[in-house]
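For reference, the structure is listed below as structure tokens.
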Amino acid sequence: MKVIGLTGGIGSGKTTVSDLFGELDIDVVDADVVSRQLTAVNGSAMPEIIRLFGPEAAFPNGSMNRKFIRELVFSDPEAKTVLENILHPLIRKECQRQLDVSQSPYTILSVPLLIESPFWRSSVDRLLVVEAPEALRIERVVQRSNLLSEAVKKIISTQATTAQRLDAADDVIENVGTFEMLKGSVLKLHSMYLSLTKKD
Ligand code: ADP
């Protein structure tokens, strides 16, 4: 048992959870971080993105204009497919590279849309899902970003449902309490994952 998939709807707290595993010296491979690096200044996905979506897809420094791309893919499903066809193979390759070099007893693979993807589901040995009620998730995202609650609801509607995530989960963290409680939940799972690793 080596790769623990970590997922959850937007605002559930999966980044906070992956940070807590990181504090326990567990390597975290984060598909979202990889995706942002690929579309940052000098990101290796940018030449193809500019070629296919035009110069408006990038800022003058060469990083992706997220607002432009977000609006484009929400209004045009074909554009979404084009973007995914550029990004997904690069994200998979880089995540796999990071998994291959990981030295910790097990590795957390954090993917926002893990449930939705047969590829990612088959890449993990066990699946941890972070959950919280939708109203709380919306409140957290509105507080942390400049998105309006309507925009967060729109994102939620594109993600798997809570029932689908719970159905696929081996382990669930209900992130409805304090940070201290969340820390306790992560520590408990960490002990279990270490003991499972030893059995392999
Ligand atoms: P996700 O990665 O699932 O979108 P985050 O981990 O970024 O979610 O959490 C969303 C926001 O909610 C962040 O600002 C985070 O600090 C906050 N948050 C997460 N868990 C808790 C908690 N148990 N108590 C208070 N705030 C929390």
Side-chain angles (χ1 to χ4, degrees), residues 1-38 88 90-145 152 155-156 159-200:
M1 208 258 321
K2 184 83 176 86
V3 180
I4 310 289
L6 169 65
T7 196
I10 183 168
S12 58
K14 63 185 170 306
T15 310
T16 312
V17 167
S18 67
D19 288 347
L20 290 169
F21 278 105
E23 284 171 21
L24 295 167
D25 283 336
I26 294 301
D27 292 337
V28 175
V29 178
D30 187 327
D32 227 12
V33 171
V34 168
S35 175
R36 264 181 265 131
Q37 286 165 348
L38 290 168
H88 287 184
L90 294 171
I91 294 171
R92 286 174 192 166
K93 199 169 153 202
E94 175 57 18
C95 287
Q96 193 54 56
R97 189 194 65 75
Q98 292 185 18
L99 287 174
D100 290 345
V101 298
S102 168
Q103 296 289 330
S104 53
Y106 63 90
T107 310
I108 296 287
L109 174 62
S110 176
V111 184
L113 300 180
L114 194 149
I115 301 290
E116 292 83 340
S117 159
F119 171 82
W120 290 118
R121 282 176 81 151
S122 66
S123 307
V124 303
D125 299 304
R126 198 172 171 96
L127 181 59
L128 167 58
V129 167
V130 187
E131 277 303 341
E134 195 169 304
L136 182 57
R137 289 162 50 201
I138 294 170
E139 191 187 306
R140 283 177 185 157
V141 178
V142 168
Q143 256 177 31
R144 114 184 135 185
S145 65
V152 183
I155 294 171
I156 288 177
Q159 301 186 334
T161 62
T162 300
Q164 285 167 329
R165 276 189 295 268
L166 293 180
D167 194 44
D170 296 294
D171 309 307
V172 178
I173 293 180
E174 283 285 346
N175 180 20
V176 291
T178 62
F179 277 116
E180 282 312 307
M181 288 159 82
L182 188 60
K183 236 175 160 165
S185 305
V186 169
L187 207 53
K188 232 170 160 174
L189 285 167
H190 176 61
S191 307
M192 181 187 49
Y193 294 153
L194 285 179
S195 68
L196 287 173
T197 307
K198 280 183 200 127
K199 278 191 199 139
D200 282 352

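Computed over heavy atoms, backbone and side chain alike; hydrogens, waters and symmetry mates excluded.
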Is there a side chain to side chain contact (heavy atoms under 4.5 Å, CB included) between I10 and I156? Walk through the geometry before answering. CA-CA 7 Å; I10 183 168; I156 288 177; 3.6 Å; yes
Distance in Å, K188 NZ paired with M192 CE, rounded so as to fall on 0.5 Å steps: 10.0 Å
Min side-chain heavy-atom separation L24-L187 under 4.5 Å: yes
Heavy-atom closest pair, residues D30 and D32: OD1-N, 2.8 Å
Pair listing, ring-ring contact (aromatic ring centres under 6.0 Å, His included) test, anchored in residues 171-192, at least two apart: Y106-H190
State, yes or no, whether a side-chain contact exists between V34 and Q98 at a heavy-atom distance under 4.5 Å. yes
Nearest 0.5 Å please: distance from the CG atom of L196 over to the OG atom of S191. 11.0 Å
Distance-only, no hydrogens or angles: does the S145 side chain make a donor-acceptor pair with backbone N or O of V142 under 3.5 Å? no
Please find the pair of heavy atoms, one from A169 and one from V129, that lie closest to each other, and give the distance. CB-CG2, 3.6 Å
Does the pair R140 and V152 meet the rule for a side chain to side chain contact (heavy atoms under 4.5 Å, CB included), with working shown? CA-CA 10 Å; R140 283 177 185 157; V152 183; over 6 Å; no
Run through V3, V29, I26, D27 and flag the one making a side-chain contact (heavy atoms from CB on, under 4.5 Å) with S102. D27
How many angstroms lie between CG in D167 and CZ in R165, if you round to the nearest 0.5 Å? 12.0 Å
Any side-chain heavy atom of P133 sitting closer than 4.5 Å to one from L136? yes
Working for side chain to side chain contact (heavy atoms under 4.5 Å, CB included), residues T197 and K2: CA-CA 7 Å; T197 307; K2 184 83 176 86; 5.9 Å; no
N/O donor-acceptor pairs under 3.5 Å from side chains in residues 170-178, not counting sequence neighbours:
unit_1 : atom_1 : unit_2 : atom_2 : d
D170   : OD2    : L127   : N      : 2.7
D171   : OD1    : R126   : NH2    : 2.9
D171   : OD2    : R126   : NE     : 2.8
D171   : OD2    : Y193   : OH     : 2.7
N175   : ND2    : S12    : O      : 2.9
T178   : OG1    : E180   : N      : 3.4
T178   : OG1    : M181   : N      : 3.1

Backbone of W120 reached by a side-chain donor or acceptor of S117 within 3.5 Å: yes
For E94, is there an ion pair with R97 - N to carboxylate O distance below 4.0 angstrom? yes
Nearest 0.5 angstrom please: I91 CD1 to S35 OG, how far? 4.0 Å
Supply the atom-to-atom distance S123 OG to L114 CG, rounded to the nearest 0.5 angstrom. 8.0 Å
Say whether, by atom type as modelled, one donor and one acceptor occur between the side chain of K14 and the main chain of G8 under 3.5 angstrom. yes
With the side chain counted from C-beta on, respond yes when I4 and L109 share a heavy-atom pair under 4.5 Å apart, and no when they do not. no
Taking every non-hydrogen atom, the tightest pair across G11 and V141: CA-CG2, 3.5 Å
State the CG-OG1 distance between L113 and T7, to the nearest 0.5 angstrom. 7.0 Å
How far apart are the C-alpha atoms of R92 and L90, what are their side-chain angles, what is the distance that settles it, and do they pass the side chain to side chain contact (heavy atoms under 4.5 Å, CB included) test? CA-CA 5 Å; R92 286 174 192 166; L90 294 171; over 6 Å; no
